[in-house]
Asker: 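Take this structure, written in structure tokens, and hold onto it; I'll ask about it next.
Positions are given from 1, in the same order as the sequence printed here.
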Amino acid sequence: MYDVIIAGGGLAGLALSIQLGKAGYRVALFEKETYPFHKVCGEYISLESWNFLEELGLPLSDWNLPVIRSLLLSAPNGRSLQHQLPLGGFGISRYKIDAALAAIARRSGVDLFESTRVTDVHFSQQIFTVQTTGGDFAARVVCGTFGKRSNLDVRWKRAFTRKRSNKLNNFVGVKYHVTGDWPTDQIGLHHFPNGYCGISSIEDDRYCLCYMTTAENLRISGNSIRDMETTILQQNPYLKKIFSQATRVFEPPVTISQISFERKTQVEDHILLIGDAAGMAVPLSGNGMSMALHGSKIAFRCIVSFLTGEIARYELEQEYTDRWNRQFGRRLWMGRLLQRWFSSERRTNLLLYSLKPFPKLVSFLIKQTHGQPF
């Protein structure tokens, strides 16, 4: 019997487990992969998360990570806009940060089960039974931090998994680590027909090159990632130059499919959902990693109130949902709005042309997708 079981060992799950472990609770975390491993992610974290991560135990100040201060935005036709980021961020690979957090979780007393998948969860008489590929476990609280889409989403028939394809779902993501000669203090977001590609520096003089596009783009390219990059992504002159200069660190790329930016619930059958499982920020607006981390802090406070008997379960679920939406609802709404605007090649070209003379408006839009230090 655990106080809390966490399904998913990404940023949200690891950060929550560390907080609970340090507070003296018995915690189990299940991760289907084995650390360290790569995953599709832009690998840019807003500086709003810096202090929180150091409080968890990450020695960020000692790692000499690249600090990112400016944004370069380009349209498919090559029109571009450069702007200083009001708060800024830093680059770090998921390969490095997730493994480091996993080590801290273990030192904090968390039972971390790697290469173990959660297959189902049942709730009865105030106790959860969690079925995994490594056996059955029980807990008073269960949290889902399993990312963008999982077998549990489908099993539970969550609403976003049953929607027809539209401009907010059925995306594919592709990521490489590359080396090359680009500014280390700048993140580039380069648009192409029905997609966009980000490039920014991470540790060890490498860059994360990650793009997202529709499944339709991949289909019309004969399901060939290389052909899609040549015929569709490289219509943008910035991307053509980047791909010609980049040296890939690993082959083949890391990929993910069936990504959805539709609205999601924050509680499903009494299970608290955190990070991308609760609501995914479009990569165009950045900050999905910071939202996952901040969400773990919100969940931690609510869970402690429940475990100490201050609130009942229904209050736990309502309080978490309310706090989550107050913190992230507007950011997600703005992200979805930007996603719709930038989903059209013509609108993207027009928008960059229109925004360039109004730097204050650009700063305003950036701030709507970023939070404050927590």
Asker: State which residues pass side-chain contact (heavy atoms from CB on, under 4.5 Å) with Glu319; sequence neighbours excluded, sorted by chain then number.
Answerer: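 Glu319 satisfies side-chain contact (heavy atoms from CB on, under 4.5 Å) with Cys302, Ile311, Arg323 only.
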
Asker: side-chain contact (heavy atoms from CB on, under 4.5 Å) with Pro183: which residues, sequence neighbours excluded?
Answerer: Asp185, Gln186

Asker: Among residues at least two apart in sequence or on other chains, which ones pass salt bridge (charged side-chain N to carboxylate O under 4.0 Å, His left out) with Arg313?
Answerer: none

Asker: Could you check whether Glu43 pairs with Lys96 (Lys NZ or Arg NE/NH1/NH2 to Asp/Glu carboxylate O, under 4.0 Å)?
Answerer: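 Looking at Lys96 together with Glu43, the answer is no, because their closest N to O distance does not fall below 4.0 Å.
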
Asker: Sequence neighbours excluded, which residues qualify as salt bridge (charged side-chain N to carboxylate O under 4.0 Å, His left out) partners of Glu31?
Answerer: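 Testing Glu31 for salt bridge (charged side-chain N to carboxylate O under 4.0 Å, His left out), a comparison that skips the adjacent residues, returns none.
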
Asker: Quick one: which residue pairs count as a ring-ring contact (aromatic ring centres under 6.0 Å, His included) with a foot in residues 60-93, not counting sequence neighbours?
Answerer: Trp50-Phe90

Asker: Could you tell me which residues satisfy salt bridge (charged side-chain N to carboxylate O under 4.0 Å, His left out) with Glu317, sequence neighbours excluded, listed by chain and number?
Answerer: none

Asker: Residues in side-chain contact (heavy atoms from CB on, under 4.5 Å) with Ser108, at least two apart?
Answerer: Ile18, Lys22, Ile104

Asker: Could you tell me which residues satisfy side-chain contact (heavy atoms from CB on, under 4.5 Å) with Thr231, sequence neighbours excluded, listed by chain and number?
Answerer: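 Ser221.
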
Asker: With sequence neighbours left out, which residue pairs that include part of residues 198-223 fulfil the ring-ring contact (aromatic ring centres under 6.0 Å, His included) condition?
Answerer: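 Non-adjacent pairs meeting ring-ring contact (aromatic ring centres under 6.0 Å, His included): Trp182-Tyr207.
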
Asker: Who pairs with Tyr35 by ring-ring contact (aromatic ring centres under 6.0 Å, His included), at least two apart in sequence or on another chain?
Answerer: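 For Tyr35 the ring-ring contact (aromatic ring centres under 6.0 Å, His included) partners, ignoring immediate neighbours, are Phe37.
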
Asker: Please list, chain by chain and in numerical order, all residues satisfying ring-ring contact (aromatic ring centres under 6.0 Å, His included) with Phe52, sequence neighbours excluded.
Answerer: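 For Phe52 the ring-ring contact (aromatic ring centres under 6.0 Å, His included) partners, ignoring immediate neighbours, are Phe374.
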
Asker: Considering residues at least two apart in sequence or located in another chain, which fulfil the ring-ring contact (aromatic ring centres under 6.0 Å, His included) criterion with Phe128?
Answerer: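 If we apply the ring-ring contact (aromatic ring centres under 6.0 Å, His included) test to Phe128, skipping adjacent residues, the hits are Phe123.
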
